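The block underneath contains the structure these notes are about, expressed in structure tokens.
Quick caveat: nothing in here was measured; it's all calculated off a predicted structure. Starting from 1, each residue takes its place in the sequence as its number.
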Amino acid sequence: GVNQGQGATYAARGSDVRGARPSGVGVGTPGRRRWQREPLTAREIMTRGVKTVRRDSSLREVAQIMKDEDCGVVPIVDEPGALVGIVTDRDLVIRAFTGGRSPDQLCAGDVMTDDVECVHPDEDIHSIISLMGKKQIRRIPVVERDDRVLGIISMGDIANRADYDDELQEALDRISSKRSFWSRLT
């Protein structure tokens with residue numbers, strides 16, 4: 001089934017400062033709060049317009065989407081568009097070519113991963129990085145509350161943002177200092 005992350009988004013209540021949150025008491029001014037930028041959310045960094053297929057789609061169709069979109073994952077959705085699984089490039093290679101049946105006889109549902117971690121659009125980037133590191137995954141779908149696919153976040157999406165964000169770079173550095181897939185990036 002679909003597993004949804006547990007992130008929190010901070011809001012600056014009673015303030016017209018957008019994208020900021022209280023970070024504690026200001027130095028030298030009793031009771032005065034300092035404001036810091038709110039963490040990026042899944043909505044801000046996800047790749048949008050992700051192509052999806054159904055369980056009965058051919059593996060050739062899945063592979064063609066991967067080629068045309070230059071991606072390594074294709075979400076699988078049901079009739080109403082809710083996420084039911086994903087097919088990764090690894091799924092295609094391992095599951096389609098090592099079984100007893102010809103890949104032409106298989107469909108997306110035969111090779112998909114159906115135990116999928118996913119996040120909601122308001123999930124903060126730090127919890128997404130933590131989840132990806134903990135679960136050792138490189139891509140994570142972003143879904144609405146009804147599991148409809150909105151987009152996908154890859155390590156590349158995060159790494160691109162980290163080039164311009166010191167706080168995000170520090171979070172990536174903390175994870176890569178642990179034994180995880182992030183350490184393989186260097």
Inset, instruction - Would you name the heavy atoms of M66 and V87 that are closest together and state the gap between them? - result: CE-O, 3.3 Å

Legend entry - Sequence neighbours excluded - salt bridge (charged side-chain N to carboxylate O under 4.0 Å, His left out) pairs with any residue from residues 78-104: R54-E79, R60-D104, D89-R139, D91-R95, R101-D110

Inset, instruction - Working to the nearest 0.5 Å, report the span between OG1 of T88 and CD1 of I94. - result: 9.0 Å

Inset, instruction - Tell me, please, which residues at least two apart from E44 pass side chain to side chain donor-acceptor pair (under 3.5 Å). - result: T41

Inset, instruction - Check each of V116, L83, I152, L150 against V143 using the side-chain contact (heavy atoms from CB on, under 4.5 Å) test, and report the only one that passes. - result: L83

Inset, instruction - Please round to the nearest 0.5 Å and tell me the distance separating atom CD1 of I128 and atom CD1 of I140. - result: 7.0 Å

Inset, instruction - Evaluate the side-chain proximity of E69 to V74: yes if any heavy-atom separation is below 4.5 Å, no if none is. - result: no

Legend entry - Minimum heavy-atom distance between V119 and A42, given as atom pair plus value: CG2-CB, 4.1 Å

Donor-acceptor pairs are to be reported for all side-chain atoms of residues 45-52 against protein atoms at under 3.5 Å, with residues two or more places apart or in another chain.
residue: T47; atom: OG1; partner: D157; partner atom: OD1; Å: 3.3
residue: T47; atom: OG1; partner: D157; partner atom: OD2; Å: 3.3
residue: R48; atom: NH2; partner: R43; partner atom: O; Å: 2.7

Legend entry - Separation between OG of S154 and CE of M132, rounded to the nearest 0.5 Å: 7.0 Å

Legend entry - Rounded distance (nearest 0.5 Å) linking atom OG of S130 with atom NZ of K135: 10.5 Å

Legend entry - Shortest non-hydrogen separation from L131 to C118 and the atoms involved: CD2-O, 4.5 Å

Inset, instruction - State, to 0.1 Å, how close V53 and A108 come at their nearest heavy-atom pair, and which atoms those are. - result: CG2-CB, 4.3 Å

Legend entry - CD1-CG distance between I76 and D114, expressed to the nearest 0.5 angstrom: 11.0 Å

Inset, instruction - Considering non-hydrogen atoms only, spot the tightest contact between P141 and E117 and give its length. - result: CD-O, 3.2 Å

Inset, instruction - To the nearest 0.5 Å, tell me how far I125 CD1 sits from I158 CD1. - result: 4.0 Å

Inset, instruction - Please identify each residue that fulfils side chain to side chain donor-acceptor pair (under 3.5 Å) with D68, with sequence neighbours left out. - result: Q64

